[in-house]
There are 2 protein chains.
Amino acid sequence: MKNIDTLHWTGDESGCLVMIDQTLLPLEFTEIECRTVEDVWEAIKMLRVRGAPAIGIAAAYGVCVGLQAAASTDEAAFFTRLDEVVDYLATSRPTAVNLFWALDRMRKKAQLLRGKAAPAAIAAALLAEARAVHEEDRQMCRAIGRLGATLLEDGQGVLTHCNAGGLATADYGTALAVFFAATEAGKTLHVYADETRPLLQGARLTAWELQQRGIDVTLICDSMAAQVMREGRVQAVVTGADRIAANGDAANKIGTYGVALLAAAHDIPFYVAAPTSTFDLATPNGDAIPIEQRNAAEITHGFGRQTAPSGVKVYNPAFDVTPARLIQAIICEKGIIRPVTPECVAEMLNLSDDAAGS
Amino acid sequence: MKNIDTLHWTGDESGCLVMIDQTLLPLEFTEIECRTVEDVWEAIKMLRVRGAPAIGIAAAYGVCVGLQAAASTDEAAFFTRLDEVVDYLATSRPTAVNLFWALDRMRKKAQLLRGKAAPAAIAAALLAEARAVHEEDRQMCRAIGRLGATLLEDGQGVLTHCNAGGLATADYGTALAVFFAATEAGKTLHVYADETRPLLQGARLTAWELQQRGIDVTLICDSMAAQVMREGRVQAVVTGADRIAANGDAANKIGTYGVALLAAAHDIPFYVAAPTSTFDLATPNGDAIPIEQRNAAEITHGFGRQTAPSGVKVYNPAFDVTPARLIQAIICEKGIIRPVTPECVAEMLNLSDDAAGS
């Protein structure tokens with residue numbers, strides 16, 4: 001199965017960050033080399049790299065790029081530059097939680113070594129730390145894939161919504177990891193990908209990723225999911241999640257809730273695949289998750305062309321919440337939460353990392 | 001309330017057929033004058049006029065346009081020309097049942113008068129017949145609107161899918177007729193229009209029609225219907241139908257079945273508005289209705305731009321079937337069928353036209 005390398009570091013400390021320019025997909029596959037921190041900032045800002053985990057990894061490597069020249073300076077200059085770089089990268093996508101998490105982790109790693117190692121050694125340690133962030137995400141994807149694959153059977157049709165794929169993560173995705181791992185385990189799947197209006201992540205990214213990895217994929221409009229289910233073409237639905245409340249209610253791309261209702265109406269299991277970092281235990285249930293409203297132009301001028309009358313009122317919620325009762329199981333890197341109840345969620349999240357896995 | 005005149009005849013027998021060029025909506029409102037039968041043929045072929053009833057009316061007027069020069073010839077020449085015109089118009093959209101129905105009606109009307117009236121008088125009678133086809137459709141729309149309006153209450157939110165509006169009929173539509181009539185009866189409605197991928201009839205036509213008639217309309221993506229229902233914004237769903245089986249199963253634009261399931265999950269009544277001519281009693285149930293598959297490019301190149309990877313497999317059913325059990329009532333011009341059972345359908349269809357309506 002062909003690998004899709006969303007982003008990677010090439011070379012040693014003097015190397016650079018290479019990433020797929022996702023804004024050009026699916027028509028053009030271009031990798032860009034980020035040799036300055038400004039390059040990394042621009043790539044995050046312009047959505048050339050997207051998806052919470054991938055943004056975090058890009059930011060971590062971005063710190064390394066930004067410190068290359070400072071590695072040969074003195075300690076004070078090195079740390080001044082570190083602050084500059086971290087503060088600057090933090091402005092690229094101010095709402096991305098993983099961005100701050102990764103930058104914070106890099107800064108802490110450097111602080112830990114301050115006074116104990118030379119700038120060049122700290123720079124080397126930071127590259128190792130970025131690689132660790134990257135590797136941990138890869139392991140998380142693999143664990144979700146391995147666990148989720150056990151829920152699918154050879155020959156099944158599966159449906160997914162939006163893009164919870166490798167492009168959003170280090171290598172494998174979350175929902176799509178389940179399909180990739182099942183395929184690697186020798187199961188043949190037939191994937192139906194909702195195009196996912198308004199921004200068409202399903203058509204542009206999911207269909208492309210599956211096609212690239214040689215998995216049988218059929219693109220449909222969101223409005224066709226019910227018919228595909230009725231015709232018996234789908235035996236499971238797997239989606240990602242952006243945020244999961246303590247009771248298991250899961251916020252994800254708009255349209256996910258509708259797909260979950262349609263799956264329930266056809267007795268098809270609906271699974272969510274998401275790392276434990278997606279859980280927000282401070283949010284008791286889905287009602288407490290605010291739903292971001294987005295620009296009308298995404299619907300009225302979605303593809304470079306106006307497709308609705310001028311001045312028409314538009315409602316454009318970015319997310320919806322699928323209640324836990326519609327979710328058969330949540331697949332995370334530590335294990336499978338089933339049934340989806342506050343108790344089972346708490347139990348899984350309290351598992352130590354050592355106890356987790358397969 | 002501003003009227004939208006999908007198509008009309010202007011002037012006397014020497015006049016012409018005027019229609020809105022629907023391919024330019026919603027960005028441009030242009031009326032075209034069809035002064036030759038070739039003009040009418042081209043307008044039907046190129047979807048400048050669309051919707052089964054509107055196509056039938058256009059074809060009936062098209063016969064009149066095509067016979068204008070022949071009105072001053074002898075009977076043999078007149079009837080030779082009639083055959084030419086009818087056969088030619090029949091090739092404009094070979095799958096449109098209303099087209100054949102209207103052409104057949106025009107030919108029969110002429111045959112009835114053969115030998116009894118001069119060509120000029122027959123031409124005049126044919127224009128009167130075309131006007132009758134037009135007027136009957138108008139009456140049908142008004143009756144559906146009047147009856148359907150009784151099902152809605154002041155202040156309600158309603159949702160519709162695709163375009164079952166005035167643009168598809170003589171003046172008022174079927175599903176949209178219900179909204180127009182309710183508004184005329186003094187009820188304020190808040191309409192949510194699904195954009196209706198892949199061809200965006202909801203965004204391009206329904207939103208435009210409602211906006212033109214001053215009705216509060218909000219455009220959403222198809223994937224947002226569930227969320228809109230969950231938020232309590234919608235108290236009824238009304239759609240049209242393309243074909244209804246003897247048991248009440250209704251085929252309509254792809255996505256309708258999904259909307260019906262979502263409505264059921266939120267305890268929202270789902271109504272179908274369609275003339276009795278939509279019923280096909282030779283079809284016992286929805287399983288016997290064939291589902292047309294359409295071109296992949298509608299999904300992959302829908303907005304004038306490629307939005308999916310080259311060569312991706314696509315599934316593009318044009319219609320789906322909503323089972324009768326999900327339909328609270330079918331609103332037709334003779335009355336309201338409720339509950340939707342084979343017996344109630346048969347009873348309504350057996351009603352004489354005189355006994356119908358309110």
Any idea which of Val312(A), Val228(A), Thr206(A) has the most non-hydrogen atom pairs under 4.5 angstrom with chain B?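 Going by pairs under 4.5 Å, I would pick Val312(A).
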For chain B, which of Leu200(A), Leu262(A), Thr300(A) has the most heavy-atom pairs under 4.5 Å?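 Ranked by contacts with chain B, first place is Leu262(A).
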Are [X] and [Y] packed together at the side-chain level, in the sense that at least one heavy-atom pair is separated by less than 4.5 angstrom?
X         : Y         : answer
Pro323(A) : Arg230(B) : yes
Ile299(B) : Glu195(A) : yes
Lys313(A) : Val217(B) : no
Tyr315(A) : Arg233(B) : yes

Side chain, backbone, both or neither: which part of [X] has a heavy atom under 4.5 Å from chain A?
X         : value
Gln211(B) : side chain
Glu298(B) : neither
Leu27(B)  : side chain
Asp194(B) : neither
Val259(B) : neither

Are the side chain of Arg197(A) and the backbone N or O of Met224(B) linked by a donor-acceptor pair below 3.5 Å?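 Side chain of Arg197(A) to backbone of Met224(B), a donor-acceptor pair under 3.5 Å: no, none is there.
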Best-contacting candidate, [options], against chain A by heavy atom pairs under 4.5 angstrom:
options                                    : answer
Asp216(B), Thr307(B), Leu261(B), Val321(B) : Thr307(B)
Ala225(B), Ala265(B), Pro198(B), Gly202(B) : Pro198(B)
Val314(B), Asp222(B), Asn316(B)            : Val314(B)
Ala296(B), Ala264(B), Cys221(B)            : Cys221(B)

Gap between atom OG of Ser223(A) and atom NZ of Lys253(B) - 0.5 Å precision: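 So the gap between those two atoms works out to 10.0 Å.
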Interface moiety of Ala207(A) toward chain B, non-hydrogen atoms closer than 4.5 Å: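 Both backbone and side chain.
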So which part of Arg204(A) gets closer than 4.5 Å to some heavy atom of chain B, the side chain, the backbone, both or neither?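 The answer is both parts of Arg204(A).
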Distance flag, aromatic centroids of His266(A) and Tyr257(B), threshold under 6.0 Å: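 Close enough - the centres of the two rings lie under 6.0 Å apart.
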What are the two closest non-hydrogen atoms of Pro309(A) and Ala203(B), and how far apart are they?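 Looking at all heavy atoms of both residues, the shortest contact is CD-O, 3.0 Å.
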